[in-house]
Structure formats: structure tokens, C-alpha cells
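In what follows, a single structure is set out as C-alpha cells and then discussed.
So you know, we letter chains A, B, ... as the sequences are listed, proteins then strands, and number each from 1.
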Amino acid sequence: KQEVTQIPAALSVPEGENLVLNCSFTDSAIYNLQWFRQDPGKGLTSLLLIQSSQREQTSGRLNASLDKSSGRSTLYIAASQPGDSATYLCAVTHGSGNTGKLIFGQGTTLQVKP
Amino acid sequence: ETGVTQTPRHLVMGMTNKKSLKCEQHLGHNAMYWYKQSAKKPLELMFVYNFKEQTENNSVPSRFSPECPNSSHLFLHLHTLQPEDSALYLCASSRSDRGSETQYFGPGTRLLVL
């Protein structure tokens with residue numbers, strides 16, 4: 001059974017720091033991996049999607065990497081800002097991708113202090 | 001705005017009540033999803049619909065009854081719920097139920113069962 005773990009559960013950093021969020025999954029047979037952001041009262045927003053054949057994806061100050069064989073992904077946030085404060089969720093699509101069944105980690109709650 | 005709306009945003013109900021959650025997507029998508037997010041557990045998929053047909057039921061108790069009258073609307077009918085069913089219920093949609101498609105989430109309904 002696929003399980004997704006995110007470390008740390010919570011993180012507090014001063015503004016301007018570069019930071020790394022970690023995600024691990026137990027079964028390397030994934031179709032893709034996504035990073036989401038969840039703001040209170042606003043649901044989830046997809047940040048980056050990495051296909052199983054890719055090593056990384058970048059969007060602005062965000063960079064996500066994927067090491068499928070070791071079951072790990074990292075989300076790198078450069079020059080953090082208070083507006084980055086949110087919960088970040090990692091999710092994998094298992095198997096062949098025939099279904100969109102996402103398996104989520106519990107998330108990392110980030111606070112960026114001004 | 002993600003184009004996915006949910007009503008009500010907050011709901012308090014007793015264990016003998018019957019209520020319904022509503023989700024509507026304005027994105028022209030064909031697949032819709034219900035997820036449950038409990039306080040101390042990862043976000044969990046409940047149901048998937050593709051072109052109004054249910055394609056996934058993740059072993060959800062029968063006290064939760066989904067309904068998808070068309071590709072734009074999804075309901076979750078609730079009856080005789082338990083206090084442990086208190087959670088944030090999120091709806092999502094995507095172009096199809098394939099794993100390659102990005103899912104767009106609504107803001108959720110916060111449910112409290114007394």
C-alpha cells in the first residue's frame with residue numbers, strides 16, 4: 001500500500017530564507033507527483049506536477065525535484081516571503097495513471113515571519 | 001478563484017439529521033471528486049465520477065451517498081453520521097479521471113457532527 005510522508009510537519013523561518021520541504025513515498029511505481037498549497041478556507045492549489053520520467057520542475061521561486069528510485073521529492077522555495085505561509089501537500093498518482101487517485105501526505109505547515 | 005464552488009462552507013448537524021453538500025464546477029471538466037480531510041489524517045479520496053459515472057468508491061461507508069446528475073454538479077448526501085465524520089470535505093474536478101490531469105479543488109465544506 002502506497003504511503004506518503006512529509007517532513008517536517010511544521011516549519012517556521014524568517015523572511016528571505018531558502019528552504020526545503022521533503023516528501024517520501026513507499027512504492028516507487030508512481031505515475032506522477034504533485035505539490036499543492038493549501039490556504040485556510042481556500043482549498044488546494046496545484047503548484048507543480050512532475051511526471052515519473054522527469055527529474056524536476058520549476059515555477060518562479062519554486063523548484064520541485066523527484067528521485068523516483070529512492071522514493072523522494074523535495075520542494076525548494078527560494079527567498080521565502082510571508083505570503084508563502086501555508087500548508088504544502090505532496091501527492092502521488094500511483095501506478096499506470098489510468099485513474100486520478102491521488103495519495104496525499106499529511107503536509108508541512110510553513111510560517112514565514114516578516 | 002479556481003472555478004470550483006462548494007456550499008455550504010460550514011455545516012453543523014446532529015447524528016440523526018440528513019444533509020447534502022453541493023459542488024459545482026465552471027471549468028468544463030468531465031471528472032469530479034470528493035475528498036475527506038480529517039484533523040490528524042492525510043487527505044483521503046472518497047469518490048470519483050467521470051462523465052456522471054462513478055469510477056471509484058474508496059470503501060466509503062454507506063452513510064455517505066454521492067450523486068452526480070451531470071458533469072458540472074456533484075452532491076454528497078449525508079445521513080446518520082458519526083462524530084468521527086467531522087472533517088473538511090473537499091470537491092475537485094479535472095478534464096478526465098486520468099492521472100495525467102491536474103485536479104482543481106474547491107474551498108471545502110467544514111462539517112461538524114454533534
Side-chain angles (χ1 to χ4, degrees), chain A residues 1-7 9-10 21 23-27 29-54 57 59 64 66 68 86-109, chain B residues 1-10 21 23-25 27 29-51 53-60 87-110:
Chain A
K1 179 187 172 187
Q2 178 73 273
E3 291 184 0
V4 180
T5 303
Q6 291 186 245
I7 295 173
L21 307 181
C23 172
S24 62
F25 44 95
T26 55
D27 189 334
I30 64 167
Y31 185 73
N32 58 37
L33 181 145
Q34 294 185 67
W35 283 93
F36 291 86
R37 169 181 173 142
Q38 185 173 25
D39 292 282
K42 292 189 178 180
L44 275 68
T45 302
S46 180
L47 298 172
L48 290 164
L49 185 153
I50 311 177
Q51 301 292 348
S52 62
S53 59
Q54 296 176 319
Q57 283 284 346
S59 176
L66 174 64
K68 185 180 163 185
T87 297
Y88 291 82
L89 296 167
C90 168
V92 300
T93 303
H94 193 60
S96 63
N98 280 333
T99 76
K101 182 174 180 178
L102 293 174
I103 300 170
F104 283 85
Q106 282 199 260
T108 295
T109 299
Chain B
E1 288 297 318
T2 63
V4 181
T5 59
Q6 291 187 241
T7 54
R9 297 293 308 277
H10 301 272
L21 310 184
C23 175
E24 184 173 0
Q25 58 93 3
L27 301 168
H29 290 165
N30 299 304
M32 297 188 78
Y33 310 75
W34 279 118
Y35 287 88
K36 175 183 179 182
Q37 189 174 34
S38 304
K40 299 193 185 238
K41 294 173 71 174
L43 214 157
E44 259 185 304
L45 179 71
M46 300 175 72
F47 301 102
V48 182
Y49 279 81
N50 195 41
F51 290 97
E53 299 297 320
Q54 189 180 107
T55 56
E56 182 94 26
N57 177 337
N58 198 24
S59 303
V60 180
L88 180 68
Y89 289 86
L90 290 162
C91 172
S93 72
S94 60
R95 285 191 299 184
S96 77
D97 66 348
R98 303 279 301 191
S100 56
E101 300 292 343
T102 297
Q103 294 179 28
Y104 295 82
F105 284 77
T109 294
R110 177 74 61 184

Tell me, side chain or backbone of [X] under 4.5 Å from chain A's heavy atoms, or both, or neither?
{"X": "B:Asn58", "answer": "side chain"}
{"X": "B:Glu56", "answer": "side chain"}
{"X": "B:Arg110", "answer": "neither"}

| Pair B:Tyr35-A:Leu44, side chain to side chain contact (heavy atoms under 4.5 Å, CB included): steps then yes or no | CA-CA 11 Å; B:Tyr35 287 88; A:Leu44 275 68; over 6 Å; no
| task | First locate atom CZ of B:Phe105, then atom CG of A:Leu89, and finally report the distance between them rounded to the nearest 0.5 Å. | result | 9.0 Å
| field | Rounded distance [0.5 Å steps], CG in A:Leu47 versus OG1 in B:Thr102 | value | 11.0 Å
| task | Among B:Leu88, B:Leu43, B:Leu45, single out the residue with the greatest number of heavy-atom pairs under 4.5 Å to chain A. | result | B:Leu43
| note | If one checks every heavy atom of A:Leu49 against chain B at 4.5 Å, the contacting part turns out to be side chain
| For residues B:Gln37 and A:Gln38, is any side-chain donor paired with an opposing acceptor at under 3.5 Å? | yes
| query | If every non-hydrogen atom of A:Phe104 is compared with every non-hydrogen atom of B:Pro42, which pair is closest and at what distance? | reply | O-CB, 3.3 Å
